[in-house]
Amino acid sequence: MAPAYSEKVLDHFRNPRNVGELKDPDGVGVEGNPVCGDLMEIHIKVEDDRITDIRFKTFGCGSAIATSSMVTELAKGKTLDEALEITRQTVADELDGLPEQKMHCSNLAADALHRAIEDYRRKQAGDSTDT
Ligand code: FES
């Protein structure tokens, strides 16, 4: 039987939010999915410890596109600590669920976001030791 996708998944797949890249991003996160080989990249802009802008590019399936789109919506405007609390389960729940066989696709978005935040913090730490 074909997996059933929620309306929210279909909506984010058809009209993904925040697609693309940012000029001079403060943090970049790239994550690959070992299950299928798909890839996703997230760019963030940070001001006062808060994500002010975010974009994604996903070379992956429809579920990966929908979860990436949802993750950008969830993360925008959040503090870095709040954004780090976004997990694959949060994303799947916000999309009203994903078919069991597509749950692995939601790893990409949450993990790429966490990597972008780590990248930003690493750069900040590097900057402060330079002075
Ligand atoms: Fe690769 Fe969904 S099949 S991310």
Side-chain angles (χ1 to χ4, degrees):
M1 206 174 88
Y5 290 101
S6 73
E7 278 305 314
K8 278 194 189 171
V9 172
L10 293 173
D11 177 37
H12 278 266
F13 168 58
R14 291 179 182 134
N15 307 295
R17 282 62 145 178
N18 305 307
V19 177
E21 46 193 81
L22 292 171
K23 200 171 180 296
D24 302 324
D26 295 320
V28 175
V30 181
E31 186 63 37
N33 192 326
V35 179
C36 60
D38 289 345
L39 205 65
M40 117 92 113
E41 185 172 313
I42 281 194
H43 291 185
I44 56 172
K45 279 275 186 196
V46 180
E47 267 171 50
D48 295 333
D49 222 39
R50 201 171 278 279
I51 296 176
T52 55
D53 210 354
I54 182 163
R55 293 283 187 283
F56 81 89
K57 287 190 291 188
T58 293
F59 305 95
C61 70
S63 297
I65 292 169
T67 51
S68 307
S69 170
M70 177 54 87
V71 124
T72 60
E73 287 219 312
L74 291 173
K76 198 167 181 176
K78 285 205 165 51
T79 66
L80 298 179
D81 284 341
E82 287 167 348
L84 281 172
E85 285 172 17
I86 297 171
T87 64
R88 60 186 288 202
Q89 193 61 49
T90 320
V91 182
D93 289 349
E94 288 290 333
L95 285 167
D96 294 337
L98 279 170
E100 188 53 41
Q101 62 268 50
K102 302 303 280 182
M103 271 305 286
H104 73 93
C105 309
S106 61
N107 287 350
L108 280 185
D111 290 356
L113 172 66
H114 294 181
R115 281 183 189 274
I117 293 169
E118 285 162 15
D119 181 51
Y120 166 76
R121 286 189 162 159
R122 207 169 27 240
K123 284 176 180 157
Q124 290 295 104
D127 285 351
S128 62
T129 53
D130 286 346
T131 54

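Atoms within a ligand are numbered from 1 in the order they appear, just like the ligands themselves.
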TODO: Identify which protein N/O/S atoms are less than 2.8 Å from atom 2 (Fe) of ligand 1.
DONE: Cys61 SG, Cys105 SG
TODO: To the nearest 0.5 angstrom, please state how far the CG atom of Asp93 sits from the CD atom of Gln89.
DONE: 4.5 Å
- [ ] Decide yes or no for Ile51 and Leu113: does some side-chain heavy atom of the first lie under 4.5 Å from some side-chain heavy atom of the second?
- [x] yes
Open item on the list: According to side chain to side chain contact (heavy atoms under 4.5 Å, CB included), who are the partners of Leu84, at least two apart in sequence or on a separate chain?
Closed with: Asp81, His114, Ile117, Arg121
Open item on the list: Could you check whether Thr72 and Asn18, counting side-chain N and O atoms only, form a donor-acceptor pair closer than 3.5 Å?
Closed with: yes
TODO: Any side-chain hydrogen bond (donor to acceptor under 3.5 Å, both in side chains) involving residues 43-52? Give me the pairs, sequence neighbours left out, ordered by first then second residue.
DONE: Glu41-His43
Open item on the list: Applying side chain to side chain contact (heavy atoms under 4.5 Å, CB included), can you list everything that pairs with Asp111, at least two apart in sequence or on another chain?
Closed with: Glu31, Asn107
